[in-house]
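Keep in mind that this is a model prediction, so the values were computed, not measured. Just so it is clear, the values below take in all heavy atoms, side chains as well, and ignore hydrogens, waters and symmetry mates.
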Amino acid sequence: MSLPDYLICLNCETPCYDYDWKDDLVTEIQCPLCGNDEIDQFLTPDEFDALIADS
């Protein structure tokens, strides 16, 4: 997987542009709006779109 332009916070659906990425994984991120820093609570835009489509 290539480096995405941003990740989406699942708590508030805010795009987050500032994060650390290594070996195709997020290693550190914090949502600027809600402060969420749980790595498993962020998705790439494609993953987010797939999640919404399945709803």
Side-chain angles (χ1 to χ4, degrees):
M1 174 186 292
S2 63
L3 179 70
D5 292 333
Y6 61 93
L7 297 172
I8 300 171
C9 175
L10 293 179
N11 284 346
C12 64
E13 298 184 5
T14 298
C16 302
Y17 296 91
D18 188 23
Y19 59 90
D20 293 331
W21 183 269
K22 183 177 181 181
D23 298 328
D24 292 336
L25 296 171
V26 177
T27 58
E28 189 174 338
I29 190 167
Q30 184 171 17
C31 178
L33 186 64
C34 72
N36 178 21
D37 63 357
E38 296 180 36
I39 292 172
D40 64 342
Q41 295 295 306
F42 291 86
L43 296 176
T44 66
D46 290 340
E47 292 169 332
F48 185 78
D49 289 344
L51 179 69
I52 298 301
D54 289 341
S55 299

TODO: Identify the heavy atoms of I29 and C16 that sit nearest to each other, and give their distance.
DONE: CD1-CB, 4.0 Å
TODO: Taking the side chain as every heavy atom from C-beta outward, state whether T14 and Y6 have any atom pair closer than 4.5 Å.
DONE: no
Open item on the list: Once rounded to the nearest 0.5 Å, what's the spacing between atom SG of C31 and atom CG of L33?
Closed with: 5.0 Å
Open item on the list: Set out, in order, the CA-CA distance, both residues' side-chain angles and the distance that settles side-chain contact (heavy atoms from CB on, under 4.5 Å) for T44 and L7, then state yes or no.
Closed with: CA-CA 5 Å; T44 66; L7 297 172; 3.7 Å; yes
- [ ] Check whether more than 12 heavy atoms from other residues, nucleotides or ligands sit under 6.0 Å from atom CG of D40, and answer yes or no.
- [x] yes
- [ ] Please examine the side chains of Y19 and I39, heavy atoms only from C-beta on, and report whether any two atoms are closer than 4.5 Å.
- [x] no
Open item on the list: Minimum heavy-atom separation for P45 and I8, please, with both atom names.
Closed with: CA-CD1, 4.0 Å
- [ ] With L43 as reference, evaluate L10, D49, V26 under the side-chain contact (heavy atoms from CB on, under 4.5 Å) test and give the passing residue.
- [x] L10
Open item on the list: Could you check whether any side-chain heavy atom of Y17 comes within less than 4.5 Å of a side-chain heavy atom of P32, counting everything from C-beta outward?
Closed with: no
Open item on the list: As an exercise, state the distance from CG of D20 to CD of Q30, rounded to the nearest 0.5 Å.
Closed with: 12.0 Å
